[in-house]
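Below: the structure, in structure tokens.
Since the structure is predicted, the reported quantities are computational estimates derived from the model, not experimental observations. Chain identifiers are assigned alphabetically (A, B, ...) following the order of the sequence lines, protein sequences preceding nucleic acid strands; residue numbering begins at 1 within each chain.
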Number of protein chains: 2
Amino acid sequence: MNTDQIGGFLHEKGVKPSFQRIKVYEYLMNNKEHPTVENIYRDLIKEIPTLSKTTVYNSLNTFIEKGVVQAISIDGNEMRYDLYERRHGHFKCEVCGRIYDFLPPKEAYEELEALEGFLITDRQIYLKGVCKNCR
Amino acid sequence: MNTDQIGGFLHEKGVKPSFQRIKVYEYLMNNKEHPTVENIYRDLIKEIPTLSKTTVYNSLNTFIEKGVVQAISIDGNEMRYDLYERRHGHFKCEVCGRIYDFLPPKEAYEELEALEGFLITDRQIYLKGVCKNCR
DNA sequence: TTCTTGAGTTGTAATCATTACAAGATTGGC
DNA sequence: GCCAATCTTGTAATGATTACAACTCAAGAA
């Protein structure tokens with residue numbers, strides 16, 4: 001997706017595609033390592049010297065509201081962000097700190113659909129442990 | 001469980017059962033609504049006027065290390081705490097803010113056991129939405 | 001019993017992510 | 001081109017959590 005396509009996509013999703021928002025979204029597209037606000041800010045400010053960290057927060061919160069981005073609160077520290085994709089879980093390695101995506105088996109998610117009388121809008125599956133590289 | 005029994009249990013788990021720790025653990029036994037540190041502190045200080053909030057943090061972190069308590073980071077705000085029980089998920093109502101326990105179907109968890117080459121030490125399933133009462 | 005030592009507790013100060021707020025900039029519709 | 005609504009920006013405030021150092025306590029040795 002190029003800039004225009006991202007703009008179109010955001011527009012479709014009900015997000016006014018400002019320059020900053022497009023850049024933040026693009027950043028998430030190109031950086032799948034679950035960046036923090038700090039990560040996003042430090043990198044984007046090279047391109048957009050006037051960027052404010054508040055704008056990064058605002059953009060991300062707008063995205064989350066409109067369902068195009070998901071927030072990952074796998075530990076109690078900073079939030080991490082990821083493009084929204086249905087049905088994918090996160091694994092955090094307690095040694096290197098890296099967060100991996102994984103695709104939980106279909107059954108795991110389907111079983112979570114049914115919760116008597118509750119309306120479910122978001123599902124997160126978090127695993128912690130030690131990753132392949134760190135063992 | 002009475003005080004002595006809690007003490008014995010903690011000792012078994014490798015936690016030296018101080019007076020404060022026993023009280024914090026007992027609090028979690030009696031308050032299953034996923035209290036915050038603030039909740040615990042505000043209530044326990046009535047019984048233990050010298051209690052420090054740092055002690056609550058210290059106790060909880062010790063418990064977590066020894067695997068007798070789990071931390072719930074379902075949103076980006078404060079941590080919430082719960083006695084450790086294998087295989088139970090948490091649902092947060094976005095309207096009333098309450099956090100419910102639920103028992104995910106056995107399959108959901110069993111499927112999560114297998115993650116090629118990774119050592120898994122903790123699993124959390126978080127759902128969000130609107131609860132029965134708030135719909 | 002008294003001493004000693006290590007662990008636990010306490011209070012304050014620091015840290016750090018996030019939000020609040022108000023002023024300035026920008027954009028889209030008329 | 002103009003206006004109102006919306007975005008962006010920077011700073012200040014908030015609030016959860018940790019760092020740290022002094023103090024207390026419990027248990028074992030002499």
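A donor-acceptor contact shorter than 3.5 Å links the side chain of Gln5(A) to the backbone of Asn2(A). Thr62(A) contributes a side-chain N or O that, together with a main-chain N or O of Asn58(A), makes up a donor-acceptor pair within less than 3.5 Å. With Thr121(B) contributing its side chain and Lys128(A) its backbone, the two residues share a donor-acceptor pair below 3.5 Å. At least one donor-acceptor pair under 3.5 Å links the side chain of Tyr126(A) to the backbone N or O of Ser73(A). At least one donor-acceptor pair closer than 3.5 Å links the side chain of Arg80(B) to the backbone N or O of His34(B).
Rounded to an integer number of Å, the gap from Leu10(B) CG to dG8(C) P is 12 Å. Across the protein-nucleic acid pair, Leu60(A) atom CG and dT18(C) atom P stand 10 Å apart, rounded to whole Å. We find that CD1 of Ile22(B) is positioned 13 Å from C1' of dG8(C), with the value rounded to whole Å. Atom CG in Leu51(B) sits roughly 16 Å away from atom P in dG8(C) (whole-Å rounding). Rounded to whole angstrom, the span from the OH atom of Tyr57(B) across to the P atom of dT15(C) amounts to 17 Å. Taking atom OH on Tyr41(B) and atom P on dT9(C), their separation rounds to 14 Å, with Å as the unit. At whole-Å resolution of the value, CD in Glu78(B) and C1' in dT18(C) are 13 Å apart. Straight-line distance from the NZ atom of Lys23(B) to the C1' atom of dG8(C): 17 Å, rounded to whole Å.
Within the 4.0 angstrom heavy-atom criterion, only backbone atoms of the sugar-phosphate kind lie near Thr50(B); the bases stay farther away. If you check every strand for non-hydrogen atoms under 4.0 Å, Ser18(B) touches sugar and phosphate atoms only.
His88(B) and Leu83(B) make their closest contact through CE1-O, 4.2 Å (heavy atoms, listed as atom of the first residue, atom of the second, distance).
Of the residues near DNA chain C, Asn77(B) and Arg21(B), the one whose nearest nucleotide (by heavy atom distance) lies more toward the 5' end is Arg21(B).
In the hydrophobic clustering of ILVMFWY residues, with side-chain heavy atoms under 4.5 Å counting as a link, Leu127(B) and Leu127(A) come out together.
Aromatic ring orientation, Phe9(A) versus Tyr25(A): tilted (interplanar angle from 30° to 60°).
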key: Residues Glu33(B), Arg98(B); criterion salt bridge (charged side-chain N to carboxylate O under 4.0 Å, His left out); working and verdict   = CA-CA 8 Å; Glu33(B) 290 81 36; Arg98(B) 225 190 311 256; over 6 Å; no
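The nucleotide range of DNA chain D contacted by chain A, defined by atoms under 4.0 angstrom from heavy atoms of the protein and reported 5' to 3', is dT6(D) to dT11(D).
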ask   = Nucleotide by nucleotide, 5' to 3', does protein get under 4.0 Å of the base (B), only the sugar-phosphate (S), or neither (-) in nucleotides 21-30 of chain C, counting heavy atoms?
value = ----------
